[in-house]
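Everything on this sheet refers to the single structure shown next.
The basis for the numbers below is simple: all heavy atoms, side chains too, and nothing from hydrogens, waters or symmetry mates. For this chain, numbers begin at 1 and follow the sequence in order.
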Amino acid sequence: MREWSLARQLLVLQVVIVGVIVGGGSILAYLDAARNTEDTARREVVAVAKSVADTPTLLMALTTPRPTEILQPFAEDVRHDTGVDFITIMNPEGIRFTHPNPQEIGRHFLGNTKEALEGGVLTETFVGTLGPSVRAVVPVFSADRVVALVAVGITVEAIADELSGQLVAVIAVGVAALGVGLIGTYFVSARVRRQTRGMGPARLGRMIDYHESILHAVHEGLMLLDRHGTVTLCNDAARDLLGVPEDVDGKKLSSLGLPSSLVNRLLSDGPVRDEIHVTDRRVIVVNKSKLPTHGAVVTLRDHTDLQALTGELDSVKGFAESLRSQAHEAANRLHTVVSLIELDRTDEAVRFATEELEIAQQLTDRVVGAVGEPVLAALLLGKTAEASERGVELVITPDTHIDETAMPGRDLVTILGNLIDNALDAAVEGTEAPKVFVTVRKSNSELILRVADTGPGLDDETSRAAFTRGWSTKDSSRGLGLALVGQTVRRYGGTIELGQEIGAVFTVRLPADGRS
């Protein structure tokens with residue numbers, strides 16, 4: 001059997017509930033009306049009976065030899081005027097003086113009279129000559145003595161006739177309420193059917209289970225934004241990549257403390273395709289697609305390790321280029337030495353080769369002697385060769401001295417390598433004798449990395465934007481290096497200072513123990 005949709009099940013349930021409520025309400029209303037009608041009848045017969053008992057005509061008629069001749073017309077007039085079914089006036093022994101059926105006059109009253117004979121008011125439902133009736137029996141006093149009784153009643157049939165009119169009204173109201181309830185139920189069911197697309201509870205449950213499982217299982221970050229920039233969904237991977245707390249659903253994207261460049265791109269109207277953005281701890285690849293009615297869907301991929309490997313690869317390529325240029329220079333020098341020997345100028349050949357070896361050895365001894373960290377030493381040697389090839393003098397300052405550090409070499413290469421690359425680019429655009437000054441040293445519990453250049457420097461506005469993703473003094477396709485430097489420094493709890501003593505002076509201070 002095909003499973004009923006949630007909308008159909010809801011419709012049937014609501015119809016049953018509305019039917020039960022309307023039916024139960026109608027029954028309760030009918031019972032309440034019946035009770036009120038009977039109570040009204042009791043009050044009415046008591047009032048009429050007391051009024052008749054207090055009438056002077058009744059006491060005067062009792063003093064005559066034939067009270068019926070006076071009381072019967074009187075009782076019938078009152079009965080017709082008040083709408084009751086019978087008014088019976090009797091002596092204390094219960095012998096009737098009046099009755100709607102004259103043949104019953106003179107006969108014994110059918111019903112209880114004890115309470116009335118004792119001076120009280122009796123009300124009861126009793127089966128008399130006219131059938132079941134609600135009646136009241138009250139005493140008639142003369143000189144504090146009960147001299148007669150007055151019984152007034154309304155038949156149950158008359159009460160039922162009156163109640164039937166109210167029943168019709170109750171039924172009409174109940175049917176109207178049922179109709180309104182069913183119409184409302186139909187529209188609610190139709191809305192639920194549209195929103196659930198006609199699926200049943202079991203299928204909806206499975207979809208929710210699949211939804212939750214996929215969200216928590218995928219390694220890519222997934223985030224949904226509505227049209228107002230509010231986060232409506234964020235899976236575990238996205239929260240981890242962005243470094244945001246778990247309760248981000250329902251919050252504005254701009255309030256999560258993310259980099260402004262990333263927030264601006266995600267809130268922009270256009271799509272985003274494989275853009276690299278840098279947060280405090282991650283390098284992420286961002287994609288965004290617009291949804292027709294719900295805002296945008298954002299996917300995030302971790303690019304941190306790949307970017308670090310790319311940086312290392314760039315460093316290795318730099319080293320390779322340096323080796324290539326050094327090999328080229330060495331080949332030129334070797335040819336020079338060979339040519340001098342062939343010209344039988346051996347003394348000059350020895351002197352030339354010795355001088356070149358001394359220069360190269362001095363540089364190597366200077367770097368290796370000052371920098372005990374092998375990764376940094378290799379980086380500085382490679383950058384020195386690269387700078388020489390580009391016509392820039394890379395100066396390692398005399399106060400440079402550092403032994404091995406606890407900080408991973410990858411992060412040192414990221415920081416110092418990017419700072420030197422930017423300094424070389426800036427120095428080339430500066431003076432006619434471009435220079436880059438590099439200082440690496442320890443001071444107390446700090447590791448200080450300082451890179452300065454003789455370039456044009458940076459103004460205040462450029463300085464503030466220097467470490468944001470996409471900033472570059474060159475073309476728009478670049479601008480990730482300094483952002484990675486800023487991210488790495490923040491991860492270790494360090495600081496970056498930007499000065500203008502020469503051109504641009506970058507000073508990085510990091511914990512010497514290398515703890516992030």
Quiz item: Quick one: which of Val147, Thr98, Ile70, Val52 gives a side-chain contact (heavy atoms from CB on, under 4.5 Å) with Leu58?
Solution: Val52
Practice problem: Keeping the roles fixed (side chain from Asn235, backbone from Glu220), state whether a donor-acceptor pair exists under 3.5 Å. | Solution: yes
Self-check item: Flag, side chain of Ser289 to backbone of Val297, donor-acceptor distance under 3.5 Å
Solution: no
Exercise. From the options Leu256, Val298, Asp226, select the one residue that forms a side-chain contact (heavy atoms from CB on, under 4.5 Å) with Val231.
Key: Leu256
Practice problem: State whether the side chain of Thr82 and the backbone N or O of Val78 hold a donor-acceptor pair below 3.5 Å, judged by distance alone. | Solution: yes
Quiz item: Distance-only, no hydrogens or angles: does the His228 side chain make a donor-acceptor pair with backbone N or O of Gly295 under 3.5 Å?
Solution: no
Quiz item: Which atoms form the tightest heavy-atom contact between Leu510 and Leu449, and what is the distance?
Solution: CD1-CD1, 4.4 Å
Quiz item: With distance as the sole test, does Asn112 use its side chain to make a donor-acceptor pair with the main-chain N or O of Lys114 at under 3.5 Å?
Solution: no
Quiz prompt | Side chain Arg450, main chain Val505, donor-acceptor under 3.5 Å | solution = no
Quiz item: In chain order, what residues pass the side-chain hydrogen bond (donor to acceptor under 3.5 Å, both in side chains) check against Arg509, with sequence neighbours excluded?
Solution: Glu446
Quiz item: Under the salt bridge (charged side-chain N to carboxylate O under 4.0 Å, His left out) rule, what pairs show up with a residue in residues 251-265, not counting sequence neighbours?
Solution: Asp247-Lys251, Arg265-Glu275
Quiz item: Which is it for Glu44 and Val134 under the side chain to side chain contact (heavy atoms under 4.5 Å, CB included) test, yes or no, and what are the steps along the way?
Solution: CA-CA 10 Å; Glu44 183 179 352; Val134 175; over 6 Å; no
Practice problem: For Arg66 and Glu69, work out which heavy atoms get closest and say how close. | Solution: CD-OE2, 3.2 Å
Quiz item: Is the number of heavy atoms from other residues, nucleotides or ligands under 6.0 Å of Arg273 CZ greater than 12?
Solution: yes
Practice problem: Please answer whether the main-chain N or O of Val508 pairs with a side-chain N or O of Glu497 as donor and acceptor at a distance below 3.5 Å. | Solution: no
Self-check item: Whether Arg96 side chain and His108 backbone form a donor-acceptor pair below 3.5 Å
Solution: yes
Quiz item: If you look at every heavy atom in Lys288 and Leu267, which pair is closest and at what distance?
Solution: NZ-C, 4.4 Å
Practice problem: Report yes or no: does Thr64 contribute a side-chain atom to a donor-acceptor pair with the main-chain N or O of Met60 at less than 3.5 Å? | Solution: no
Quiz item: With Asp249, which residues qualify under side-chain hydrogen bond (donor to acceptor under 3.5 Å, both in side chains), at least two apart?
Solution: none
